[in-house]
Enquirer: 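For reference, the structure I am asking about is given below.
Proteins come first, then strands; the chains are lettered A, B, ... in the order of their sequence lines, and each starts at number 1.
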Amino acid sequence: MNTTPSSAQPQTGTGAAPRAPGPTDFIRDMVAADRRAGRHAKIVTRFPPEPNGYLHIGHAKSICLNFGIAREQQGQCNLRMDDTNPTKEEAEYVESIVADVRWLIAGWADAILGLKPKGQTPAEQTVKERRDFFQAPARVGAGTDPSTEPFYASDYFAQLYEYALELVRHGRAYVCDLTPADTDAYRGAPDRPGKPSPWRDRSVAENLDLFERMKAGEFPNGARTLRAKIDMASPNIWMRDPVLYRIRHADHHHTGNQWRIYPMYDFAHCLSDYLEGITHSICTLEFEVHRPLYDWILEALHLPRPLPHQFEFARLNLGYTVMSKRKLLQLVQEGRVNGWDDPRMPTLSGLRRRGVTPAAIRHFCTGIGVTKYDGLTDVALFEHSIREDLNRHALRRLAVLRPLKVVLTNYPADLVEQLDAVNNPEDPSAGTRKVPFSRELYIEQDDFLENPPPKFFRLRPGGEVRLKYAYIVMCNEVVKDETGHVIELRCTADLGSKTGGPTAQRKVKGTVHWVSVPHALEAEVRLYDRLFTVPEPDAAGDFKQHLNPHSIEVVTAQLEPALREVRPDLRYQFERLGYFCLDVPDPVANPAEAAAPRPRQAFNRTIALRDTWAKAAPTPP
RNA sequence: UGUCCGAUGGUGUAAUGGUAGCACAGAGGUCUUUGGAGCCUUUAGUCUAGGUUCGAAUCCUAGUCGGACAGCCA
């Protein structure tokens with residue numbers, strides 16, 4: 001912060017109103033205005049994913065917005081499954097969504113997470129002498145209490161049916177016998193008005209009878225629909241008698257075989273918001289044209305409690321990845337990646353397995369702000385948030401990804417020194433550890449060049465380099481195999497240059513990481529790169545053409561022995577290389593892999609360190 | 001040639017009629033037993049044209065460009 005001491009003093013006069021702390025954006029402004037106007041006793045938002053896929057970084061933006069607002073307003077944010085289409089939704093997705101949301105908001109917004117008592121459906125009540133339904137939350141912040149569960153739109157099917165009946169009785173909805181193709185044809189086009197369905201003026205009695213029989217399962221899929229009676233000539237296509245209910249002879253993951261008709265999104269969503277007492281229903285831009293319908297349905301019902309209002313913001317587009325659940329599903333199903341939790345995926349489970357922390361994701365989502373401009377966010381912004389968090393918390397360790405053997409010819413063969421190494425220079429409280437040092441070491445192949453370019457601050461024949469935490473060494477001899485590949489370096493150490501030694505203060509240009517050969521721990525390390533080769537893979541054509549063939553590289557690395565006690569919940573920086581974490585497959589997305597025994601440890605590279613040398617120098621393939 | 005929405009450095013954003021600021025990225029420097037981190041400096045922007053106003057990124061009009069919408073998906 002660049003707050004000067006003087007400006008940090010309390011304001012004396014009653015000048016301009018102080019800025020609200022925390023993020024501001026046009027939605028928060030509106031919430032604050034509603035609050036000031038006394039329109040709501042409590043702000044209630046919701047995060048309403050459809051359980052037809054795994055949550056991704058785009059959902060994280062929505063989660064941070066909805067939970068963030070509720071948190072700032074001491075309100076509540078309901079987690080709700082928007083599950084009105086039984087043919088696309090599965091219980092596995094519900095499970096993953098709940099786990100992902102909990103993971104992302106843990107320690108940040110769990111206190112305002114709205115869940116409901118397990119199995120509960122809306123209660124009937126009387127408000128202003130009118131029949132009303134309300135779905136109360138469980139104690140907010142009930143956390144992992146097993147007697148709670150998310151809200152489900154499908155828990156409102158009975159009430160939704162009642163509301164539909166109400167619309168029919170008031171002549172605001174009718175049963176339509178048009179085939180799907182004819183419904184399309186009658187709807188017209190954006191620049192051409194639609195024409196009324198021939199079934200538009202059925203009697204209330206007939207509509208009631210038909211709708212009842214639709215519910216009873218008397219008609220096949222697609223035979224009839226319930227439609228709102230609005231305006232077939234409306235310039236807004238969603239107001240041209242939109243379908244409210246369709247027939248689906250399909251079992252539902254949450255309601256089983258109870259229903260043969262299922263409500264459409266537009267009908268279910270606004271009413272679900274109402275039933276839960278949502279004050280601000282925040283969604284993405286593509287629903288903007290639906291807002292008149294959202295309002296129409298609620299108003300047509302003359303509901304006794306305050307109505308929710310919809311606000312739209314731009315969804316996240318992130319460079320070098322795809323965000324549509326359909327496309328991500330395709331990658332999973334076609335085996336282009338190894339499941340929803342593949343560390344290359346932008347899914348929350350993928351990012352988690354990759355080692356990205358919830359705090360980094362939240363920092364990123366807060367940083368990009370909330371607007372109605374549909375842009376493309378540079379991944380560098382995300383990478384910055386990831387590095388910033390990891391730099392503060394990761395434990396430093398020495399690891400060599402591509403080993404090159406070094407023999408210190410003047411170092412005793414039977415000597416092993418335990419050297420002190422700091423665990424985290426950003427956090428002294430992380431302490432120190434001992435690292436064994438011996439005559440034979442591994443260094444990184446990249447850290448030696450026989451004929452280096454200028455400004456190569458690493459090892460070269462006749463050159464000197466500092467071994468981190470240890471001695472300055474000089475390369476005396478390069479050993480090659482018969483094909484000319486460098487297989488070993490023979491060096492001498494300046495034995496006085498260790499910390500505390502007489503020549504410890506000598507300046508050498510480069511510092512290099514290393515691992516003692518006899519103490520080295522072998523492990524598999526996966527190096528990830530962006531999944532796609534272009535910033536907008538789905539801009540045109542088949543997005544899969546742009547898949548990066550080098551998005552993963554697996555190496556056998558040599559690690560310092562302290563890594564034997566690696567913890568799955570901690571993050572590590574392999575010095576000079578990047579941030580890594582133990583690979584932990586997601587138990588929901590990847591149950592088989594999660595249960596399988598590991599012959600040896602596997603690490604995932606979350607992200608490489610910023611590397612100004614790599615930018616200046618030609619990078620190896 | 002429908003309706004709705006949007007446009008501020010390369011990217012993401014702030015400025016709510018009154019000095020166009022921040023972060024990322026880029027460049028340069030400093031420091032460093034991580035070519036990391038930190039610290040310092042720096043390049044770069046209001047889509048166009050009119051209008052209102054003492055004063056416009058902001059308000060108005062027109063245009064340009066971009067996006068969303070024609071599922072019995074959400």
Enquirer: So, does A:Arg192 get its side chain near the phosphate of B:U3, meaning an N or O under 4.0 Å from OP1 or OP2?
Expert: no
Enquirer: Base, sugar-phosphate alone, or nothing: which one does A:Leu376 contact when heavy atoms must sit under 4.0 Å apart?
Expert: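 Counting heavy atoms under 4.0 Å across all strands, the contact made by A:Leu376 is with sugar-phosphate only.
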Enquirer: Other residues, nucleotides and ligands only: do more than 12 of their heavy atoms fall within 6.0 Å of NZ on A:Lys195?
Expert: no
Enquirer: Atom OH of A:Tyr373 and atom P of B:G12: how far apart are they, to the nearest Å?
Expert: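 Spelled out: OH on A:Tyr373 to P on B:G12 is 6 Å.
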Enquirer: Looking only at atom P, what distance separates B:U3 and B:A57, rounded to whole Å?
Expert: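 These two P atoms come out 30 Å apart once rounded.
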Enquirer: Which nucleotide sits closest to the side chain of A:Asn85: B:C73, B:C24, B:C72?
Expert: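 Per side-chain heavy atoms of A:Asn85, the pick is B:C73.
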Enquirer: Does either side chain, that of A:Asp83 or that of A:Ser154, offer a donor lying less than 3.5 Å from an acceptor on the other one?
Expert: yes
Enquirer: Please determine if a side-chain N or O atom of A:Thr377 lies less than 4.0 Å away from the OP1 or OP2 oxygen of B:G12.
Expert: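 Indeed not, no polar side-chain atom of A:Thr377 lies that close.
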Enquirer: Just compare B:U34, B:A74, B:G71 and give me whichever is closest to any side-chain atom of A:Arg187.
Expert: B:G71
Enquirer: Hey, mind stepping through A:Asp446 and A:Arg458 against salt bridge (Lys or Arg N to Asp or Glu O under 4.0 Å) and telling me if it holds?
Expert: CA-CA 9 Å; A:Asp446 287 352; A:Arg458 309 179 189 180; 5.4 Å; no
Enquirer: Can you measure A:His384 atom NE2 to B:C24 atom P for me and round it to whole angstrom units?
Expert: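 So the NE2-P distance, A:His384 to B:C24, works out to 5 Å.
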Enquirer: If the cut-off is 4.0 Å, is A:Thr371 near the phosphate of B:G12, judged by side-chain N/O to OP1 or OP2?
Expert: no
Enquirer: Roughly, in whole Å, what's the span from NZ in A:Lys88 to C1' in B:C72?
Expert: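 In whole Å, B:C72 C1' and A:Lys88 NZ are 11 Å from each other.
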Enquirer: Just N and O in the side chain of A:Lys507: are any of them under 4.0 Å from OP1 or OP2 of B:U33?
Expert: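 Indeed, a polar side-chain atom of A:Lys507 lies that close.
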Enquirer: Of the options B:U34, B:G26, B:A68, whose atoms approach the side-chain atoms of A:Arg610 most closely?
Expert: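 In terms of side-chain proximity for A:Arg610, the closest of B:U34, B:G26, B:A68 is B:G26.
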Enquirer: Of the nucleotides B:A74, B:C4, B:G2, which one has an atom closest to the side chain of A:Asp191?
Expert: B:G2
Enquirer: Determine: side-chain N/O of A:Thr84 to OP1/OP2 of B:C73, distance under 4.0 Å, yes or no.
Expert: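 No, A:Thr84 has no side-chain N/O under 4.0 Å of OP1/OP2 on B:C73.
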Enquirer: Can you confirm whether more than 12 heavy atoms, excluding those of A:Gln505, are under 6.0 Å from its CD atom?
Expert: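 No, because the 6.0 Å sphere around CD of A:Gln505 holds 12 heavy atoms or fewer from other groups.
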Enquirer: May I ask you to evaluate whether A:Arg224 reaches the phosphate of B:C72, defined as a side-chain N or O under 4.0 Å from OP1 or OP2?
Expert: no
Enquirer: With heavy atoms under 4.0 Å as the rule, sort A:Lys509 into base, sugar-phosphate or nothing.
Expert: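 Nothing, no heavy atom under 4.0 Å.
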Enquirer: Can you see if the side chain of A:Arg246 gets near the phosphate of B:C73 - specifically, an N or O under 4.0 Å from OP1 or OP2?
Expert: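 True: A:Arg246 side-chain N/O within range (under 4.0 Å) of B:C73 OP1/OP2.
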Enquirer: Would you say a side-chain N or O of A:Arg387 is under 4.0 Å from OP1 or OP2 of B:C24?
Expert: no
Enquirer: Select one nucleotide: of B:C73, B:A25, B:U34, the one nearest the side-chain heavy atoms of A:Met264.
Expert: B:C73
Enquirer: Return the set of residues passing salt bridge (Lys or Arg N to Asp or Glu O under 4.0 Å) with A:Arg291 (not counting sequence neighbours), or none when no residue passes.
Expert: A:Glu312
Enquirer: From the list B:A70, B:G36, B:U11, which nucleotide is the closest neighbour of the side chain of A:Asn391?
Expert: B:G36
Enquirer: Base, sugar-phosphate or nothing for A:Thr225? Non-hydrogen atoms, less than 4.0 Å.
Expert: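 Base, at least one base atom sits under 4.0 Å.
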Enquirer: Based on Watson-Crick and G-U pairs with both distances under 3.5 Å, what dot-bracket line describes RNA chain B 5' to 3', crossing pairs as [ ] and inter-strand pairs as |?
Expert: .((((((..((((....[..)))).(((((.......)))))....(((((..]....))))))))))).....
Enquirer: Round to a whole Å and report the spacing from CZ of A:Phe313 to P of B:C5.
Expert: 18 Å
Enquirer: Would A:Trp613 pass as stacked on B:G35, i.e. its ring centre under 5.5 Å from the base's six-membered ring centre and planes under 30° apart?
Expert: yes
Enquirer: Judged by modelled atom types alone, do A:Asp427 and A:His393 share a side-chain donor-acceptor pair under 3.5 Å?
Expert: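 Checked: A:Asp427/A:His393 side chains show no N/O donor-acceptor pair below 3.5 Å.
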Enquirer: Can you tell me if CZ on A:Arg315 sees more than 12 non-hydrogen neighbours from other groups inside 6.0 Å?
Expert: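 Count not over threshold, so no.
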Enquirer: Looking at CG of A:Leu293 and SG of A:Cys270, how far apart are the two atoms once the value is rounded to the nearest 0.5 Å?
Expert: 7.0 Å
Enquirer: Nearest of B:U34, B:G35, B:A74 to any side-chain atom of A:Arg396?
Expert: B:U34
Enquirer: Quickly work out the A:His290 NE2 to B:C4 P distance and round it to whole Å.
Expert: 16 Å
Enquirer: Take atom NE2 of A:His513 and atom P of B:U34, then tell me their distance rounded to the nearest Å.
Expert: 13 Å
Enquirer: Please report the distance, rounded to the nearest Å, between CG in A:Leu178 and P in B:C72.
Expert: 11 Å
Enquirer: Among A:Val175, A:Leu167, A:Thr183, whose side chain to side chain contact (heavy atoms under 4.5 Å, CB included) with A:Arg227 holds?
Expert: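 That would be A:Thr183; it is the only one of A:Val175, A:Leu167, A:Thr183 passing the side chain to side chain contact (heavy atoms under 4.5 Å, CB included) with A:Arg227.
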Enquirer: Between B:G9 and B:G26, how far is it from one C1' atom to the other, in whole Å?
Expert: 12 Å
Enquirer: Quote, to the nearest angstrom, the C1' distance that separates B:A37 from B:U48.
Expert: 45 Å
Enquirer: Taking B:G10 as the reference, what is the distance to B:A49 when you measure between their C1' atoms (whole Å, please)?
Expert: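 Pairwise C1' distance, B:A49 against B:G10, rounds to 27 Å.
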Enquirer: Select one nucleotide: of B:C5, B:U34, B:A74, the one nearest the side-chain heavy atoms of A:Lys372.
Expert: B:C5
Enquirer: By nearest atom, which of the nucleotides B:A70, B:G2, B:G36 is closest to the A:Pro235 side chain?
Expert: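 From the listed options, B:G2 comes nearest.
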Enquirer: Whole-Å distance between B:A74 P and A:Ile282 CD1?
Expert: 21 Å
Enquirer: Using a distance-only test with no angle check, is there a side-chain donor-acceptor pair under 3.5 angstrom linking A:Tyr186 and A:Asp241?
Expert: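 No, no side-chain donor-acceptor contact under 3.5 Å.
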